[in-house]
Structure formats: structure tokens, C-alpha cells
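In what follows, a structure is listed as C-alpha cells, so that the remarks can point back to it.
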Amino acid sequence: MKKYADIAALTLVLALVPAAAGGSPYYMRLATLALIYMAWTVAFNLIFGHTKQLFLCLNALAGTAGYVAVVMAKQLDWSPWLTVPIGVAAAAGLGALFSYVSVLRGLGVIFLGIVTLAFSLIFHNLVLGLRQFTNGETGLVTRGLGFPLLEQPLPSYYIFLAVLLAALLVYHWLMSSKSGMAFRALSDDELTAELSGIDVTWYKVLAAAVASAILGLTGALFAFYNGIVSPSVFSFVGIDIPVLIALLLGGMRTRLGPVLGAVAFALIEELVRPFGQLNVLVYGVLLIVLFTTFREGMVPMLKQAYRAFPALVRRPRLPRLRQPDSSQPKI
């Protein structure tokens with residue numbers, strides 16, 4: 001049970017947040033959005049942190065699941081309990097496809113980032129072009145589509161807390177299994193991992209599919225929670241940049257790094273909110289600083305400080321002086 005102690009402690013702390021919010025709708029929404037970004041960052045940590053696949057289409061994967069779930073619920077009058085899994089499957093399939101093509105074609109990190117960024121632009125234009133289904137820039141209202149729990153602040157918070165907990169448990173299960181050893185080998189040196197017999201294609205596609213499913217599940221539920229789904233809700237600036245900043249802040253290849261990073265980003269977002277549209281400039285500068293000077297993140301730094309703390313507080317032991325032996329005759 002010790003290996004789950006940090007997740008249990010985190011769940012307990014997050015479960016008490018609504019009591020600290022005092023029932024305020026504003027603070028409850030901020031706390032819920034923080035949980036959503038935590039889940040997205042956990043997924044991105046699996047893709048980018050462990051398998052070095054730079055997906056710059058997190059908004060498109062989450063948005064695909066969201067739009068599929070909402071459009072099918074509206075057009076076909078299906079229950080969200082049926083359309084949400086279909087949206088999640090669509091996101092997971094797209095993520096697996098991008099990963100498979102990148103490995104098959106030997107795309108590097110930069111080229112994969114360009115390809116997925118292009119898909120993000122394609123997704124945005126598809127949403128605007130398929131106006132008869134998506135209602136274009138205006139978006140679709142998601143209230144009253146059969147998901148009443150996501151229309152109430154408190155149940156919504158605990159639903160997304162359950163999603164975050166599930167994402168952390170899936171991440172822990174993967175990293176504790178044979179897949180975890182393969183992911184660590186891939187993050188260290190992909191060529192060496194391949195030469196040692198690791199099926200690079202399988203494990204990269206697995207990481208992309210699982211992470212994209214988490215992105216899709218969170219995105220689909222977020223579409224119903226938000227009350228409206230539109231291109232601005234699932235934008236590159238609104239999802240990809242914050243998730244990348246949160247992961248770098250917390251620490252890649254760590255279990256709780258994405259969570260702490262998302263909390264830190266939420267605080268930064270509140271500080272830069274008065275800047276209006278200039279907050280994108282602040283995020284750009286922050287990304288440059290993080291990539292150049294703060295790659296390790298908070299969690300590794302906190303671990304190093306924790307290990308060094310006992311040595312700092314431990315008092316050096318002075319050598320004891322030997323007492324003269326009274327049994328020896330005096331000269």
C-alpha cells in the first residue's frame with residue numbers, strides 16, 4: 001500500500017477542496033478546471049515525457065471526443081453514456097494513428113510536432129466548415145443533453161476528481177509493469193532500447209493510445225460540463241500551451257509532477273489574468289525560460305531538497321577525548 005500512499009494523500013486533499021471553497025461557484029469552477037488540466041497533463045506526460053512524442057494537438061484530440069459526443073447526442077438523440085465512449089475511442093484511435101505513422105516514417109520529435117500541429121489547424125477548420133453539425137464559431141449548447149450531474153458544481157468536481165484518480169492509477173499501473181521499463185528505456189535512448197529487443201512501435205502506440213483516451217474522456221466530459229462546445233473552448237492556446245507549461249513546471253516522468261505543475265499554472269494564470277490578451281506573450285516567455293533553465297521541474301527539485309535536508313540539520317559528531325586510565329601507576 002505504500003506505493004499508493006502519495007495518490008491516496010493527494011485524493012484526500014483534493015476531496016476537501018470543496019469544503020475550503022465554501023460553496024462559491026467561482027472557486028468551485030476554478031478548482032474543477034484545475035482537475036481537468038491535471039488529467040490532461042498526466043496524459044501528456046505519458047506521451048511526451050516517457051516516449052518523446054511531441055503531440056501539439058491535445059486540443060484537437062480532446063475536442064474530437066467532445067464534438068463527437070455532443071453532436072451524436074444532439075443529432076441522433078443518443079445518451080451521453082453512449083456517445084462519450086465513442087468520442088473517447090475516436091480520440092484514442094487518432095492518437096494511435098499519429099504515433100504509428102511517426103514511427104513508420106521515422107519522424108523525429110520536431111517533425112511529429114509539426115504534423116500534429118497541422119492536424120490541430122485542420123481540426124479547427126473542420127469545426128468551422130461543418131457548420132450544419134457544429135454550428136461553427138457560435139458552438140453548440142450542451143445543457144439538457146442527458147448529463148445533469150455535470151450541470152451541478154459539486155458533482156462535477158468529484159466526477160473530474162474520479163477521472164484524475166483513474167488517470168493516475170493507469171499511469172502507475174503502466175509504469176509498474178513491463179511497459180514502464182520499456183518507457184524508461186525509450187526516454188533514455190530509443191536506439192539502444194530498440195537494439196535491446198524492445199518493440200518501439202508497440203510501446204509508442206500504446207502510450208499514445210492510452211494518453212489520447214485520457215485526453216478524450218476529459219475533453220468529452222468537459223464539453224458537457226462547460227455548457228457550450230466551440231472552437232475557442234478547444235483551442236491550441238487554451239489547452240496545449242497550459243498543459244506544456246504545467247508539465248515543465250511540475251516535472252516530466254514523475255507521477256505527481258503534472259498535478260503540482262497544473263496547480264502552479266493555475267496560480268500563474270490568476271496573476272496574469274489582468275494582462276488580457278498579453279497573457280499569451282507571458283506564456284511564451286515562460287516556456288522559453290522553462291525549456292532553457294528549469295527542465296527538471298519542481299518534483300525532482302523537491303526530492304533533492306528532501307534528501308539533502310537531513311544532512312543539513314545533522315550535527316557533526318566531535319571526537320571523544322580519551323580519559324586517562326586511573327589504574328596505570330603515575331610516574
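Treat the numbers as computed from the prediction; the structure is a model and nothing was measured.
Distance OH/Tyr158 to CD/Gln152: 13.5 Å, rounded to 0.5 Å.
Side-chain rings of Phe265 and Tyr283 approach one another, their centers coming within less than 6.0 Å. In summary, the aromatic rings of Phe48 and Phe55 are positioned with their centroids too far apart to meet the 6.0 Å limit.
In this structure, Phe224 and Ala69 approach most closely via the heavy-atom pair CE1-CB, 3.9 Å. The minimum heavy-atom distance linking Val88 with Ala65 is given by the pair N-CB, 4.1 Å. Ile159 and Leu221 make their closest contact through CG2-CD1, 4.2 Å (heavy atoms, listed as atom of the first residue, atom of the second, distance).
Between the Thr41 side chain and the Tyr37 main chain, a donor and an acceptor come within less than 3.5 Å of each other.
Counting non-hydrogen atoms of other residues, nucleotides and ligands closer than 6.0 Å to CD1 of Ile110 gives a total of 12 or fewer. The neighbour count for Phe236 CZ, taken as heavy atoms of other residues, nucleotides or ligands under 6.0 Å away, is above 12. Shown here is Arg273, whose CZ atom has more than 12 heavy atoms of other residues, nucleotides or ligands within 6.0 Å.
Between Lys204 and Glu190 there is a salt bridge, with a side-chain nitrogen of the basic residue lying less than 4.0 Å from a carboxylate oxygen of the acidic one.
Classified by interplanar angle (parallel below 30°, tilted 30° to 60°, perpendicular above 60°), the ring pair His50/Tyr171 is tilted. Under the 30°/60° scheme for interplanar angles, the aromatic rings of Phe234 and Tyr67 are found to be tilted.
At least one side-chain heavy atom of Leu290 sits less than 4.5 Å from a side-chain heavy atom of Leu249. Contact of the Val289 side chain with the Phe294 side chain is not registered, since no non-hydrogen atoms from C-beta on lie closer than 4.5 Å.
Judged purely by distance below 3.5 Å, without hydrogens or angles, the side chains of Arg143 and Asn226 never pair a donor atom with an acceptor atom. Ser235 and Asn59 are not linked by any side-chain donor-acceptor pair at a separation below 3.5 angstrom, with hydrogens and angles left out of the test.
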